[in-house]
Amino acid sequence: MTRPKTEEEIELLRINGELVSKTLAEVGKHVAPGVTTKTLDRVAETFIRDHGAVPNFLGYDGFPASICASVNDVVVHGFPSDYVLKEGDIVSIDLGTIYKGYNGDSAYTFPVGEVSAETRKLLDVTKESLYRGIAAAVAGGRVGDIGHAVQSYAESFGFGVVRELEGHGIGRDMHEDPGVPNYGRQGHGSRLVDGMTICIEPMITAGTRGVYLAKNGWAVHTADHRNAAHYELTVVVRHGQAEQLSTFDYIEKDPSIHF
Ligand code: MG
Ligand code: MG
């Protein structure tokens, strides 16, 4: 198990969390019909480097870009490409930074123009399931409490919870122990203690929860090709409660961003 972080380490993770949050908003300003996901990748990489940080996704296990851009039935790990976003699509943007040796990592699913009522519901429920998971991340609790909170909420709407991928600890490495599944049983799994820094990231599907890996070895698609949403925030368990180190406020308080 990764050791709890010091206040100094938490501060560096908070700086990364802030930059990741602002980068997601910068990308969000550019999400629109007619834009390619490669363009969004350039926007993110430029913004991150202009702020003195490095995109930690670039080159990670050979990943070829600074963001994951996962459109519609792609759950996560989509490569930015020449695909042109169109009205009614959704695009999940996952990105991270490394600054002064520590990492940031967060994700947001943007609607492209107007989306169907069913897709709107998927986005709203996925984001709310994340907040419910965060509320369950209290000192003395267990990782299974987080998964249970996410799963019980998402499944109550008939949506699927992807089990093949999960959240994680974060620090000097982007992915540290413990794993943070989006399903689970209350009172089970690793114990949550003050100073733990974790990324909670529900991946929720409109239909069945099954997924498959694309031939490129990266993109994870829904088995039934229905839409999937993905939201991720970094939190620290501090003074017994979960405190966010990243935020969607820069997206949702900017009137120029459609979310
Ligand atoms: Mg991420
Ligand atoms: Mg993550």
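For ligands, and for the atoms within them, numbers begin at 1 and follow the listed sequence. No experiment lies behind these values; they were computed from the predicted model shown.
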Taking every heavy atom of Ser246 against every heavy atom of Thr234, the minimum-distance pair comes out as OG-N, 3.0 Å
For the Mg ion (ligand 2), how many protein N, O or S atoms come closer than 2.8 Å? 4
Please lay out, stage by stage, how Ile146 and Ile200 fare under the test side-chain contact (heavy atoms from CB on, under 4.5 Å). CA-CA 8 Å; Ile146 299 171; Ile200 303 175; 4.0 Å; yes
Any salt bridge between Lys29 and Glu26, counting N to O under 4.0 Å? yes
Taking only residues two or more places apart in sequence, or in another chain, which ones meet Glu118 in a salt bridge (charged side-chain N to carboxylate O under 4.0 Å, His left out)? Arg226
Quick check: closest heavy atoms across Ser129 and Thr126, and the distance to 0.1 Å? OG-O, 2.7 Å
Please examine the side chains of Tyr231 and Leu233, heavy atoms only from C-beta on, and report whether any two atoms are closer than 4.5 Å. no
